Amino acid sequence: MSTPATPPRSLAEALRTRDDVSLAALLRSRPDLITPVPTDLTQLATRAGTRASVVRALERLDRFTLQTAQALAVAADPAPYDELLGLMAGDARDPAVVNALPRAVAALREQALVWGADDRLRLVRTARELLAPAPQHPSPTGLGPTVAEATAGMSPGRIQELVTGAGLPSTHDPVSAVAALTKLFTSRRRMKALLAGAPEESLEVLNRLVWGPPYGQVTADPAARLRWLIDRGLLLPTAPGTVVLPREVALHLRAGRAHRETEPVAPAVEAKATHRPQVVDAAAAGQAYTALATVEELLKDWDEGGPTVLRAGGLSIRDLKRTAVALDLAEPVAAFWVELAYAAGLLASDGEADERYAATPAYDEWLQQPAAQRWTHLAETWLTGTRTSGLVGGRDAKERTLSALGPGLDRSAAPEVRHRVLTLLAALPEGTSPSTESLLARLRWERPPRGTGGTAPQSEEDLRSRLARWALNEAELLGVTGRGALSGQGRALLGAAGGTTAKGAPSGPGDKLPVHHRAPTPPEPLSPAEQAVASAAAARLLAPLLPEPLDHVLLQADLTAVAPGPLQRPLADVLDVLADVESKGGATVYRFTPGSVRRALDAGRSASDLHDFLTAHSRTPVPQPLAYLIDDVARRHGHLRIGAASAYVRCDDDAVLSEILADKRSAGLRLRRLAPTVLAAQADPAALLDGLRAMGFAPAAESADGDVVITRAHAHRTPPRTAPEPVPDGPPTPDTTLLSAAIRAIRAGDRASTTPLKPSTTPAPAGELPRTGSAETLATMQAAVLTGTTLWIGYVNAEGAASQRVIAPIRVEGGFVTAYDHTADEVRTYPLHRVTGVAELAEG
């Protein structure tokens, strides 16, 4: 690693030594630093040291890099590289750690969490405060305070007693006494000799504390095994009844290691099974077809208005159960499809007074697209969406149940986890399905769970692991994977074969290291334009694998029709009205009943229409029982007419009306004869229609003009709705154009704040704008036009925002100065009355 000639004295100075490529790498990895764009590098360094930004950066480190930062937090400040190496690799100098540590240090430098040369490595102050040991928050390393920290506030006499007890000569002051103890505890040879005379019980106490927590409880009269340790300073009192194992002692017992286990290499994702890629693609295509059919069936079930919206938003548990039964799925799976359709903009609430869920106009447009394009729309929505159906049925922070389509289901980490899971699958050989536990172990190494210190798994599975499990299941349901392996269309949807370097990420200082020293950066999600290209490629791969829609069925004598595959949409729509679905699978079985035939007649079809339709679309002759069924229902259909009086029944055959009056089942309708061919009822027309049909008749409703009312299927649609926007996980990663502009502005602002002024100019106080009178400002501007001098000005814009700028005046006239603004890297015109002051910059 190269080091500057003059060591930097602050993070801001360290940032000034970076080139633009390195700064771009920093801003890309920590986009919160340019929201908004800092005025100069000092402000950028200040922002990089704020608690929120440092916490966010630490959470995005892999396990080994985080362990390196934790080791630096317990090392000296500043720490030489060799000390850090000793803390990470131990006295044995583990070769794997030795090889991986330069990469971890480079990653911390790139993230601006560490600065300084190798002989003076400094962890930013906020990170040290977060990671260093303290009684309130123990260090993830399990180490306690140093001897100097633990003895702070201890009486000089007591310190001298510890020195004498450890076998050291007395000193003249507490400072030299603490230094002598520290030197003893950091000497491997002398500590080995000291502990050689320790009682066995005392060594057992040390072994219980060595890996943390380092604190223990003692009584007012400690046992002999504890007294031996306390008298020699191997345990130091921190509070009444509490002792702590000093850091130097613990490191000796640990053979110099800050961590019990270091993980310098990411765990490999192990293969569970291997299949031929063609088998994987075929299985995934079958699941993709099932996914499309499931979404269509869901929205068809809600076509005339779906479940009502809860007052707090979302779907009730009862309605979710009904939907699951209708789709013949488990409730969690039904919740996934409902959420996916919602996220894709295919369903929404209608906004009416009695608010219900229904399909959107976008659903009708989606239905007209080819099947492969419809699938990529769903898959892309799933890959980039933050709605997480796996949370349905759980509880939020206020112990309220989370419902499908309700609030509280967004998890900003979901897209990143899904993308990373698929990327890891893509890195395996084609047709290979991974071991779930090895995949989760890899993800936990890349992003250690909060609160674990990056060294041990939590007792309760962390959110990222749950998101990964759900991602594996959902990818299989959707057809992105087949038999657990990434399919060809899934690989195309991802846009790459799963490389290990960031797409378009500029290289940083670590790129001057050997390849094995560089920080492994997972590939970034695609931009919208790139994702559109990838989705089109996935559709091209999937289209040949999906079954072609059929234009025929096979009619059978038992009043059923068999569809040996998916049907073309017009045929499927008519058949859904004319028959009831009896079973699904590779082939769908439809059953014809009097009720289903009457449904088709109510929709305006005649008996001859139905005969012609079946003849045209059946590969087998129309069975005689089916023809008789249609003719029989059609003959009786509309023989009775029902209208609104409050309701009436009329029929040309008065014997039929007499039969109805004589039937005991008609008592609830309260019918009476008004004329030989007319009956009046106190029930409403709909109830009268249902009642007579239940008695075995086939009445038809008629309008006020006496015409038969044709009841066609009514598709309820919401007003145009936009799909829900994903909840971002912090500021978006800036693109190359924004990065270039931000770096140019930061550099220019830094030049303005650091360029020395001419000795004759009185500088403004630190942090303030330059101040000069209007006459002096005008004269300096005019002189700069003649001499080509660069000036430093203070400027207040129309909104009252003050800024410093470096300009090269070109023309001064009419109360305005036109100048090349180095800060904005363009020619601008400024009103002179808004310039607070001007100062000439020193040459060079």
Side-chain angles (χ1 to χ4, degrees), residues 63-64 66-76 79 83-94 97 131-151 162 165-167 178 181-219 222-239 241-263 451-457:
R63 190 183 299 276
F64 184 70
L66 180 59
Q67 287 180 327
T68 303
Q70 292 163 353
L72 272 173
V74 297
E83 180 181 351
L84 174 63
L85 179 61
L87 289 170
M88 293 298 294
D91 295 343
R93 290 298 194 264
D94 182 349
V97 175
L131 300 176
Q136 298 78 15
H137 52 86
S139 169
T141 61
L143 293 170
T146 62
V147 172
E149 292 168 346
T151 56
L162 295 176
V178 170
L181 273 178
T182 301
K183 188 174 182 180
L184 168 65
F185 293 161
T186 53
S187 171
R188 296 285 188 268
R189 179 183 57 81
R190 296 169 66 190
M191 275 295 289
K192 186 176 180 180
L194 176 63
L195 294 176
E200 190 68 27
E201 296 83 358
S202 298
L203 294 178
E204 291 179 2
V205 172
L206 294 179
N207 290 334
R208 286 200 298 269
L209 298 177
V210 64
W211 291 109
Y215 294 92
Q217 301 295 319
V218 296
T219 62
R225 66 182 185 278
L226 295 174
R227 174 58 62 188
W228 192 93
L229 298 171
I230 293 173
D231 288 345
R232 288 158 180 77
L234 298 174
L235 290 180
L236 294 173
T238 59
T242 303
V243 293
V244 66
L245 181 68
R247 187 182 307 170
E248 293 87 351
V249 177
L251 286 173
H252 171 79
L253 297 172
R254 297 179 178 194
R257 289 183 290 134
H259 299 278
R260 175 176 286 186
E261 294 181 2
T262 53
E263 298 185 51
T452 66
T455 57

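In this text, all values refer to a predicted model and were calculated from it rather than measured experimentally. Residues take their numbers from the sequence shown, with the count starting at 1.
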Between [X] and [Y], is there a donor-acceptor pair closer than 3.5 Å when you use the side chain of the first and the backbone of the second?
X	Y	result
Gln67	Ala258	no
Ser187	Lys183	no
Thr242	Thr238	no

How far does [atom1] of [X] sit from [atom2] of [Y], to the nearest 0.5 angstrom?
X	Y	atom1	atom2	result
His252	Leu184	NE2	CG	9.5 Å
Leu66	Leu131	CG	CG	6.5 Å
Phe185	Arg232	CZ	CZ	10.5 Å
Leu226	Glu201	CG	CD	10.5 Å
Arg247	Thr186	CZ	OG1	13.0 Å

Mind checking whether [X] and [Y] have side chains closer than 4.5 Å, heavy atoms only?
X	Y	value
Leu234	Leu195	yes
Thr182	Thr146	no
Leu85	Arg93	yes
Val205	Leu235	yes
Phe64	Met88	yes
Val243	Leu229	no

Minimal non-hydrogen separation, [X] against [Y], with atom names:
X	Y	answer
Ser202	Trp228	OG-CB, 3.9 Å
Val244	Tyr215	CG2-CE2, 3.5 Å
Ala198	Leu203	CB-CD2, 3.8 Å
Pro145	Ala150	CG-CB, 4.2 Å
Leu84	Ala71	CD1-CB, 3.9 Å
Leu245	Ala250	CD2-CB, 3.7 Å

> Going through the checks in order, is the side-chain contact (heavy atoms from CB on, under 4.5 Å) test met by Leu251 and Leu87?
Replying inline: CA-CA 8 Å; Leu251 286 173; Leu87 289 170; 3.8 Å; yes
> With sequence neighbours excluded, what pairs up with Glu248 under the salt bridge (Lys or Arg N to Asp or Glu O under 4.0 Å) test?
Replying inline: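 Salt bridge (Lys or Arg N to Asp or Glu O under 4.0 Å) check on Glu248 returns nothing, list empty.
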> When Asp91 is tested against each of Arg188, Lys192, Arg257, Arg254 for salt bridge (Lys or Arg N to Asp or Glu O under 4.0 Å), which residue passes?
Replying inline: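 The passing option is Arg188.
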> Can you list the residues that meet the side-chain hydrogen bond (donor to acceptor under 3.5 Å, both in side chains) rule with Arg190, with sequence neighbours excluded?
Replying inline: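 Arg190 satisfies side-chain hydrogen bond (donor to acceptor under 3.5 Å, both in side chains) with no residue once adjacent residues are dropped.
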>> Run the side-chain hydrogen bond (donor to acceptor under 3.5 Å, both in side chains) test against Ser139 and tell me which residues pass, sequence neighbours left out.
In response: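 Here the qualifying residues are Thr141.
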> Met191 and Leu253: side-chain contact (heavy atoms from CB on, under 4.5 Å), yes or no, with the steps?
Replying inline: CA-CA 9 Å; Met191 275 295 289; Leu253 297 172; 5.9 Å; no
>> Salt bridge check, Glu204 against Arg225: does any charged N sit closer than 4.0 Å to a carboxylate O?
In response: no
